[in-house]
Amino acid sequence: MSKAQLTGWNREQMAQLCAGDIADQSIVNLGIGIPELVARYVPKGREFIYHSGNGLLGMGPAPAPGEKDPELINAGKKPVTANPGASFFHHGDSFAMIRGGHIDVCVLGAMQVSQRGDLANWSTGAPDAIPAVGGAMDLTAGVKTIFVLTQHTTKNGEAKLVEQCSYPLTGPKVVTRIYSNLAIINITASGFQLQQLAPGITFEEVAERTDAPLLPAKPDQDNE
Amino acid sequence: MSKAQLTGWNREQMAQLCAGDIADQSIVNLGIGIPELVARYVPKGREFIYHSGNGLLGMGPAPAPGEKDPELINAGKKPVTANPGASFFHHGDSFAMIRGGHIDVCVLGAMQVSQRGDLANWSTGAPDAIPAVGGAMDLTAGVKTIFVLTQHTTKNGEAKLVEQCSYPLTGPKVVTRIYSNLAIINITASGFQLQQLAPGITFEEVAERTDAPLLPAKPDQDNE
Amino acid sequence: MMNKQVSSTELAVADICDGATVMIGGFGEAGSPTELIHALIDQGARDLTIINNNTGNGEIGLAALIGNHQVAKMICPYPRSSHSKVFPKLYRAGEIELELVPQGTLAERIRAGGAGIAAFYTATTVGTVLAKGKEVRTIKGRDYVLEYALKADVALIKCEQADRSGNLIYNKTARNFNPLMCTAATTTIVQARKVVAIGALDPEQVITPNIFVDQIVEVQEPLIDAELIARGRCYP
Amino acid sequence: MMNKQVSSTELAVADICDGATVMIGGFGEAGSPTELIHALIDQGARDLTIINNNTGNGEIGLAALIGNHQVAKMICPYPRSSHSKVFPKLYRAGEIELELVPQGTLAERIRAGGAGIAAFYTATTVGTVLAKGKEVRTIKGRDYVLEYALKADVALIKCEQADRSGNLIYNKTARNFNPLMCTAATTTIVQARKVVAIGALDPEQVITPNIFVDQIVEVQEPLIDAELIARGRCYP
């Protein structure tokens, strides 16, 4: 399991690649943490409308220093702003948007993703862990397209892309595409399929660090 | 079945008796038609808050001539006003109030009431009738106390208080008390029980016009 | 943000297909999108399933749509009223189908459709003919009927103000079914008495967030149904 | 209309019983009724079941209530956070029970409790350990889990403005669970930053109608949780 750590893309580049695959005017929910970076890389000419599970559509960036409002926060409990055209609503209406299929894209982190698109990102299942799920299962059950932003392997070099998740699932068969530091990988009916390699990374290096078969990119899709 | 029609109370008196049994600050939903009269007879020192199923709490009386707003109407589609402290909401929230048990009292008309409190007030079941239920079944299922305001018999002298309803039910075991032109009658575990006779009306006259056993009033309740 | 305003009711309803399920907001004439309904009459789509609290009055609006034989089925709590003549005639002639749904159950089924709730248990209709053939389950000692979510291809909505991105506010009891229907339709088409700039509505006061709205057309002086009916007007 | 204002948080929470189920509004510190929670600590009711999105931060508010051993069980989607120390300790010691519920399912269960919906089918948790032991049903080709309504004896709520009859409006994302919880509790106790006269709120803008509110107490300058935590403050 422990192969040499490869660099590939950094987090910002992964976020930028992910942002590039989101259509103009999409309603987007960004998971807490690294997925939030996606908002910094909206391609020119496009606009995303951000949904925050705690009751805000049209979420804007962090406020200017000194303009924090403790009652205007995002799902990660960080201060945000409201863009023109925003609306506030309660948790019932907010998760009705999620559950009802009204959010176009959700970007989440991952502990593991299986070759059939199962996502595990909420619990290691360790007996002493405090279980905490938040809105992750609502998002995976309700949002049309789930993108995953993740390092390709754990800090210890263990694979996160696996045949079958060993951690408890967040949702079965929900992930569409993974943006890792090494590659962009699609979930297809046949399993993991390479979409694009990070610069300087080889197919074999990615395959070695993936605990399930990896299909090469379709000829017209490999932008290496 | 066809006994002489007796007068007893008129509609206004029935409505007034009913209003007298509703506690101060009750949340009240009045059925379309005769039940609406109840609002004219709120006892001095009491206040009822009116809920209208089409999305208004704190409904006020009909507007002054020339001040009708076609978008401020009640469940009977008649122009109304909004009292200070009113609120507007959508049909989902409005029937959540009803279904969730937040309305204290509902006053409805009746075609038939059975001795166990079944109410039939929406359909004769006639094959050529256009069935129309509106919010009646939501009200009977959700409101804490259902009062019925009705003539004791039909225009043809047929009993409306019966052992078992022959018309399709609005709700089973929902009616608490009936205000007819002849008497106030409670639904008890033993069936119909007289609460109060209208002036000049005898127990026998009421019993004759009731197609189910009628229990006499408890000694301390007969205010005849 | 995208400008969802279109220039005419005609354009707004152009893509409604034969056989579509169409939710139409309004309770009585309050919140009824009469101009959009008339545009749908002009457009001519047929075999529609219409979801509305009533079946229209006189020979305008929904009643005219039904009278024009464009409606195969009504899903509706109260298909008769003092001024409703068109539906009863067609219903008695067997030319239109009716699914009778209690008003609160209809509202909740539409909400469920929009909120991704597949089905729910309600006490409404327990012990009545309207529960016939439906699953009944006892939960904490009380009986409940299973009811399923209701969705639509299109919702026709009337509101008071819309910003160009599709945030909506309503007027008094004209709110009624409109906000629910916005959430449960694939395409939501709105007629607004006034269309305002994005940012002109207070985010605290938005009743329908723009995520639920697809097309907006401004109708500044909407028809008043009661006046048309009083004058015996027909559409078209 | 009845004046529901009481003069102190102490009076407002006086009747909360041992063993009560208490919904507490707020998401993080936005909309968190910290003064009412502190009054409940002073009041001392024990064996409480608390429903909240989190388990509090630092040693104030909900964390302090838990730390004071008044809470037997949490119903909660996210019982840990960067500043949450109290709950993890008691949970690992087996001194507090946890029912983990996804955030959206929690919101919908509370709404169902208030709306008279006994149970509903949602796709959330299908195929996960959180669906273990729950009924799964296939509806129109998709699997859904049956979830039951959630009610409470008491709700502790924070809002921006209340009129004396109990109509409420909120501030931005401080709305969160508060309006839902108002509907699902037998007794709803509200702390409002400002209490205004009946009639002072626009009926179009009321978020929680007064039908759902029992007691209101004005707390003009509520504590700011983050500041207390930054200063290492404890309650009491």
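Letters A, B, ... mirror the listed sequences (proteins, then strands); counts begin at 1. None of these values were measured; they are calculated from a predicted model.
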| said: Would you call the rings of B:Phe48 and B:Tyr50 parallel, tilted or perpendicular, taking 30° and 60° as the class edges? | reply: perpendicular
| So, the side chain of B:Thr170 versus the backbone of B:Asn121: is there a donor-acceptor pair under 3.5 Å, distance only? | yes
| Atom CZ of B:Arg46 with >12 non-hydrogen neighbours under 6.0 angstrom | yes
| If you count the non-hydrogen atoms of other residues, nucleotides and ligands that lie under 6.0 Å from CD in B:Gln164, is the total more than 12? | no
| remark: Nearest heavy-atom contact between C:Gly113 and C:Ala184 is C-CB, 4.2 Å
| field | C:Lys134 NZ: over 12 foreign heavy atoms closer than 6.0 Å | value | yes
| request: Tell me, yes or no, whether the heavy-atom count around B:Lys77 atom NZ, taken from other residues, nucleotides or ligands under 6.0 Å, exceeds 12. | output: yes
| field | Most contacts with chain B, counted as non-hydrogen pairs under 4.5 angstrom, among C:Thr105, C:Ile224, C:Ile207, C:Asn178 | value | C:Thr105
| request: Please state whether the side chain, the backbone, both or neither of B:Ser87 comes within less than 4.5 Å of a heavy atom of chain C. | output: neither
| Under 4.5 Å from any heavy atom of chain B - which part of C:Lys132 | neither
| said: Does C:Ile51 form a side chain to side chain contact (heavy atoms under 4.5 Å, CB included) with C:Met181? I'd like the steps, not just the answer. | reply: CA-CA 9 Å; C:Ile51 300 166; C:Met181 289 177 171; 4.2 Å; yes
| request: Name the option with the most non-hydrogen atom pairs under 4.5 Å to chain B; the candidates are C:Gly28, C:Pro79, C:Ser32, C:Gly26. | output: C:Pro79
| Which pair of non-hydrogen atoms, one from C:Thr188 and one from C:Val190, has the smallest distance, and what is that distance? | CG2-CG2, 4.0 Å
| said: So for atom CZ, which belongs to B:Arg11, do other residues, nucleotides or ligands contribute more than 12 heavy atoms lying within a distance under 6.0 Å? | reply: no
| message | Out of C:Asp225, C:Ile110, C:Asn54, C:Val101, return the one with the most heavy atom pairs under 4.5 angstrom to chain B. | response | C:Asn54
| field | Main-chain N/O of C:Glu99 paired with C:Lys73 side-chain donor or acceptor, under 3.5 Å | value | no
| Can you tell me if NZ on B:Lys173 sees more than 12 non-hydrogen neighbours from other groups inside 6.0 Å? | no
| task | Could you have a look at C:Thr128, C:Thr125, C:Asn176 and say which one has the most heavy-atom pairs with chain B under 4.5 angstrom? | result | C:Asn176
| chain B contact via C:Phe177 - which portion, at a heavy-atom distance below 4.5 Å | both
| Highest number of heavy-atom pairs under 4.5 Å with chain C: which of B:Gly134, B:Ala141, B:Ser94? | B:Gly134
| Considering only heavy atoms, which portion of B:Asp118 lies under 4.5 Å from any heavy atom of chain C: side chain, backbone, both, or neither? | neither
| query | What do you reckon, is CZ of C:Arg233 surrounded by more than 12 foreign heavy atoms closer than 6.0 Å? | reply | no
| With only heavy atoms counted, which part of C:Leu98 is less than 4.5 Å from chain B, the side chain, the backbone, both or neither? | side chain
| Neighbourhood of chain C inside residues 19-37 of chain B, taking heavy atoms under 4.5 Å as contact | none
| What part of B:Phe88 is in contact with chain C, defined as an atom under 4.5 angstrom from a non-hydrogen atom: side chain, backbone, both or neither? | both
| Which residue out of B:Leu169, B:Leu139, B:Asn54 racks up the most heavy-atom pairs below 4.5 Å with chain C? | B:Asn54
| request: Name the region of C:Phe87, side chain, backbone, both or neither, that has any atom closer than 4.5 Å to a heavy atom of chain B. | output: side chain
| Parallel, tilted or perpendicular: ring planes of B:His91 versus C:Phe27, cut at 30 and 60 degrees | tilted
| request: Measure B:Ile98 against the heavy atoms of chain C and call it side chain, backbone, both or neither at under 4.5 Å. | output: neither
| request: Side chain from CB out, backbone as N, CA, C, O: work out which of these in C:Ala226 comes under 4.5 Å of a heavy atom of chain B, or both, or neither. | output: neither
| Between B:Ala120, B:Pro127, B:Ala75, B:Gly171, which has the largest tally of heavy atom pairs under 4.5 Å with chain C? | B:Ala75
